[in-house]
Protein chains: 2
Amino acid sequence: MNLLCQTTAVDVQKVQELRKEMPEEDSVRALSRIFRVLGDPTKAKILYALSRSELCVCEISALLGLTQSAVSHQLRVLKDLNLVRFRREKKMLYYSLADRHVYSLIDQTLSHVTE
Amino acid sequence: MNLLCQTTAVDVQKVQELRKEMPEEDSVRALSRIFRVLGDPTKAKILYALSRSELCVCEISALLGLTQSAVSHQLRVLKDLNLVRFRREKKMLYYSLADRHVYSLIDQTLSHVTE
DNA sequence: GATTCATATGAACATCTGCTCATACGTGCA
DNA sequence: TGCACGTATGAGCAGATGTTCATATGAATC
């Protein structure tokens, strides 16, 4: 039962005011989609590595100690979110970071957690 | 089988060099822990709201349309990560944001996704 | 001590997630 | 066209996650 606690009407007003300031549901969902990606250590490392150098799937695999299939699955997700791009060189695909904003988030947060 | 593709030794070197630049595993885990929190729309909204105003559990519940129990569970996680703090006023607990860095992440990313 | 109210916690459940394994697909080459 | 190599995809599995429900706990008051 969603009742506010036994307090004054001021609190209902506070909630009303705040409701207007809250970001739209779509914005929150888009925001969380990006953060969820970085919430996975594997994806975070892939994005970090790709911000430093373009890499092919098996280079990423070797760097992180994962199977080619696992890396490919993660790249699929990152591609769908437009966070990485690739260029083809014969049968090789070279991936790189496509969204500088995400790199900025990682960089800031790394500084923060190693403070 | 973790084999690099049939390329030159340059790629092995590239991976070696990159391995030195990668953040430490502990840092990556700490980073992902923060991002995982923001990856949940509910927690993201709670943190946003608490950056604007201190709120009690049932105010948050009313604002977001969640049960008191659901809000309390989320606050538990946020407290454990030192992202929120509270002050007591008789039997009421008022929560607020404790980590400006997280607000900064949310703010930047909201700007980014609403571009 | 009993009652009321605010908050926290645990169990259970449904859903989601990341990896492995097997296999399909795309490209280049002979 | 067939083969080799690089990459992608689907199914399955184990573990993680967020909410609900029931109940416990904490603080204040009488």
Side-chain angles (χ1 to χ4, degrees), chain A residues 1-8 11 15 28-29 32-47 50 54-81 84-96, chain B residues 1-8 11 15 28-29 32-47 50 54-81 84-96:
Chain A
M1 172 184 273
N2 268 340
L3 280 182
L4 260 62
C5 41
Q6 303 278 342
T7 55
T8 66
D11 301 299
V15 168
V28 176
R29 289 206 179 286
S32 288
R33 202 165 2 204
I34 293 180
F35 285 124
R36 197 152 41 242
V37 160
L38 297 174
D40 169 32
T42 297
K43 290 193 194 69
K45 286 188 273 191
I46 291 176
L47 289 169
L50 292 182
E54 66 170 10
L55 300 163
C56 65
V57 174
C58 62
E59 287 167 339
I60 297 173
S61 171
L63 178 68
L64 305 184
L66 293 171
T67 61
Q68 168 269 323
S69 168
V71 172
S72 201
H73 271 297
Q74 301 296 4
L75 286 171
R76 159 56 53 200
V77 174
L78 298 176
K79 261 191 278 186
D80 287 346
L81 294 173
V84 300
R85 69 167 78 87
F86 64 91
R87 73 172 174 87
R88 178 185 293 278
E89 190 178 294
K90 295 201 183 260
K91 62 189 176 189
M92 304 292 300
L93 292 181
Y94 289 95
Y95 287 87
S96 59
Chain B
M1 175 183 269
N2 270 338
L3 281 182
L4 259 64
C5 41
Q6 305 279 340
T7 57
T8 67
D11 300 302
V15 168
V28 175
R29 290 208 176 282
S32 289
R33 200 169 2 215
I34 294 180
F35 283 123
R36 193 150 48 244
V37 160
L38 297 174
D40 170 33
T42 297
K43 289 192 195 68
K45 286 188 273 191
I46 291 176
L47 289 169
L50 293 182
E54 65 170 10
L55 301 163
C56 65
V57 175
C58 62
E59 286 168 340
I60 297 174
S61 171
L63 178 67
L64 304 185
L66 292 171
T67 61
Q68 170 269 324
S69 167
V71 172
S72 202
H73 271 298
Q74 301 295 4
L75 285 170
R76 160 55 53 201
V77 174
L78 297 176
K79 261 190 279 187
D80 287 346
L81 294 173
V84 301
R85 68 168 77 89
F86 65 90
R87 72 173 175 88
R88 181 185 291 277
E89 190 178 295
K90 298 203 180 249
K91 61 189 178 187
M92 303 292 300
L93 291 181
Y94 288 96
Y95 286 88
S96 59

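A note on names: the letters A, B, ... follow the listed sequences, proteins ahead of strands, and every chain is numbered from 1. Everything quoted here is computed from the prediction, not taken from an experiment. Computation of the quantities below employed the complete heavy-atom set of this structure, encompassing side-chain atoms and omitting hydrogens, waters and symmetry-equivalent molecules.
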Base of D/dT9 paired with side chain of A/Ser69 (donor-acceptor, under 3.5 Å): yes
SB check B/Arg76 B/Asp80 (cutoff 4.0 Å): yes
Integer-rounded Å distance: D/dG6 C1' and A/Tyr95 OH: 10 Å
Parallel, tilted or perpendicular, as decided by the 30° and 60° cut-offs, for the rings of A/Tyr95 and A/Phe86: tilted
B/Lys43 side-chain N/O to D/dT17 phosphate OP1/OP2 under 4.0 Å: no
Atom pair distance, as rounded to whole Å: NZ in B/Lys45 and P in D/dG18: 13 Å
Distance below 4.0 Å between A/Thr42 side-chain N/O and C/dC19 OP1 or OP2: yes
pair A/Val57-A/Leu75: side-chain heavy atoms closer than 4.5 Å: yes
Any B/Thr67 side-chain N or O less than 4.0 Å from OP1/OP2 of D/dT19: no
Non-hydrogen side-chain atoms of B/Val15 and A/Ile60 separated by less than 4.5 Å: no
Rounded distance in Å - CE (B/Met92) to P (C/dC5): 13 Å
Whole-Å gap separating C1' (C/dA8) and CZ (B/Arg76): 7 Å
B/Ala70 side-chain proximity, nearest of C/dG18, D/dT20, C/dA8: D/dT20
Distances under 3.5 Å only, N/O to N/O: pair up the protein atoms with those of nucleotides 28-30 of chain C.
unit_1: C/dC29; atom_1: OP1; unit_2: A/Lys90; atom_2: NZ; d: 3.2

Criterion side-chain contact (heavy atoms from CB on, under 4.5 Å) on B/Glu54 and B/Arg87, from CA distance to verdict: CA-CA 9 Å; B/Glu54 65 170 10; B/Arg87 72 173 175 88; 2.5 Å; yes
Side-chain donor/acceptor of B/Gln68 to base of C/dA6, under 3.5 Å: no
Distance, rounded to the nearest Å, where B/Phe86 contributes CZ and D/dG26 contributes P: 13 Å
Rounded distance (Å) that lies between atom P of C/dT9 and atom NZ of B/Lys79: 6 Å
N/O donor-acceptor pair under 3.5 Å between A/Ser72 side chain and A/Gln68 backbone: no
Comparing B/His73 and B/Cys56 on DNA chain C - which has the more 5′ nearest nucleotide: B/Cys56
Whole-Å gap separating P (D/dG18) and CD1 (B/Ile46): 11 Å
A/Ser61 side chain to A/Leu66 backbone, donor-acceptor under 3.5 Å: yes
OP1 or OP2 of D/dT17 under 4.0 Å from side-chain N/O of B/Gln74: no
Candidate nucleotides C/dT7, C/dC19, D/dT7, ranked by approach to the side chain of A/Leu66 - the nearest: C/dC19
Interatomic distance where CZ belongs to A/Arg36 and C1' belongs to D/dG18 [whole Å]: 12 Å
